[in-house]
Amino acid sequence: DCIKCAESMFKCYCKDKFGMNMQAICDYRLKFTWIDIQWPGSTSDFLSWITSNLCQDLEDTSMCTILNGYTLVGDNVYVKTRYMSVPLKGKQTDSNHAYNFYLSQIRITIERAFYAFMHQWGILCDPLTIPLRKVLSLSMCLCRLHNYCINEMSPMWRKQTLMI
């Protein structure tokens, strides 16, 4: 029942809070299409990503997991691959600057999804008081409810998305 990991590993110093690292992919409606929560909050997004099953599946060229012409969009902590577009670094030409701008506009979608998710469920506004081993189950349940609300377009969801 006891997780053998230092409490400090769960401290995310960027946000000055304790938690878990949640990697997610969403669609244009802010529905989560993939979620991975397996690392403490202090873990880098890049490490969380490269150790995920999805990343390993995408690295396997024998598997066709993304349609031709489509790509995932990541921020600058990720690495450009055949399946992920990331911002270009350094001083940019006009066309490369436009690429970075439009990529950032697409990336805003996941930020909006996280914002809607966090603010829809009051339980996430304060520190959780449940055992750490139950955080994953709770998170997955709330993500499914989040998607259900989007599918059903509940009045609570409509009100929430109008404020985003």
Quiz prompt | Shortest non-hydrogen contact from S85 toward L103 | solution = CB-CD1, 3.9 Å
Practice problem: List the steps, then state whether side-chain contact (heavy atoms from CB on, under 4.5 Å) holds for L30 with T109. | Solution: CA-CA 7 Å; L30 311 184; T109 306; 3.8 Å; yes
Quiz prompt | Distance, nearest 0.5 Å, that separates CG of D36 from CE of M20 | solution = 9.5 Å
Quiz item: Rounded to the nearest 0.5 Å, how far apart are CG of L145 and SG of C141?
Solution: 4.5 Å
Self-check item: Note, Q38 side chain near L136 side chain (heavy atom, < 4.5 Å)
Solution: no
Exercise. Would you kindly confirm whether Y78 and L47 end up in one hydrophobic cluster when ILVMFWY residues are joined by side chain heavy atoms under 4.5 Å apart?
Key: yes
Practice problem: Would you mind reporting whether S52 and Q23 have side-chain heavy atoms less than 4.5 Å apart? | Solution: no
Self-check item: Nearest heavy atoms of H146 and A116, plus distance in Å
Solution: CE1-CB, 4.2 Å
Exercise. Evaluate the criterion side-chain contact (heavy atoms from CB on, under 4.5 Å) for residue pair Y83 and C55; output intermediate values, then yes/no.
Key: CA-CA 10 Å; Y83 56 81; C55 179; 3.6 Å; yes
Quiz item: Could you give the distance from CG (L124) to CE (M118), rounded to the nearest 0.5 Å?
Solution: 5.0 Å
Exercise. Treating Ile, Leu, Val, Met, Phe, Trp and Tyr as nodes and any side-chain heavy-atom pair under 4.5 angstrom as an edge, say whether F117 and I130 lie in one connected cluster.
Key: yes
Quiz item: If two hydrophobic side chains count as joined below 4.5 Å and joins carry through other members, does F114 share a cluster with I106?
Solution: no
Practice problem: May I ask you to test the M84-V79 pair for a side-chain heavy-atom distance under 4.5 Å? | Solution: no
Practice problem: Mind checking the CG-CG spacing from L88 to N76? Nearest 0.5 Å is all I need. | Solution: 11.5 Å
Quiz item: Does a donor on one side chain sit under 3.5 Å from an acceptor on the other, for W39 and T51?
Solution: yes
Quiz item: Roughly how far, to the nearest 0.5 Å, is CD1 of I50 from OG1 of T81?
Solution: 12.0 Å
Self-check item: Spatial distance of atom OG (S104) from atom CG (D75) [nearest 0.5 Å]
Solution: 11.0 Å
Quiz item: Are M22 and I123 co-members of a hydrophobic cluster defined by side-chain heavy atoms under 4.5 Å apart?
Solution: yes
Quiz item: Between N21 and T43, does a side-chain hydrogen bond (donor to acceptor under 3.5 Å, both in side chains) hold up when you go through it step by step?
Solution: CA-CA 7 Å; N21 185 312; T43 307; 5.7 Å; no
Quiz item: Are F46 and L58 co-members of a hydrophobic cluster defined by side-chain heavy atoms under 4.5 Å apart?
Solution: yes
Practice problem: If the plane angle is over 60° it's perpendicular, under 30° parallel, otherwise tilted; pick one for W34 and W49. | Solution: perpendicular
Self-check item: Polar side-chain atom of N100 near backbone of P87 as donor-acceptor pair, under 3.5 Å
Solution: no
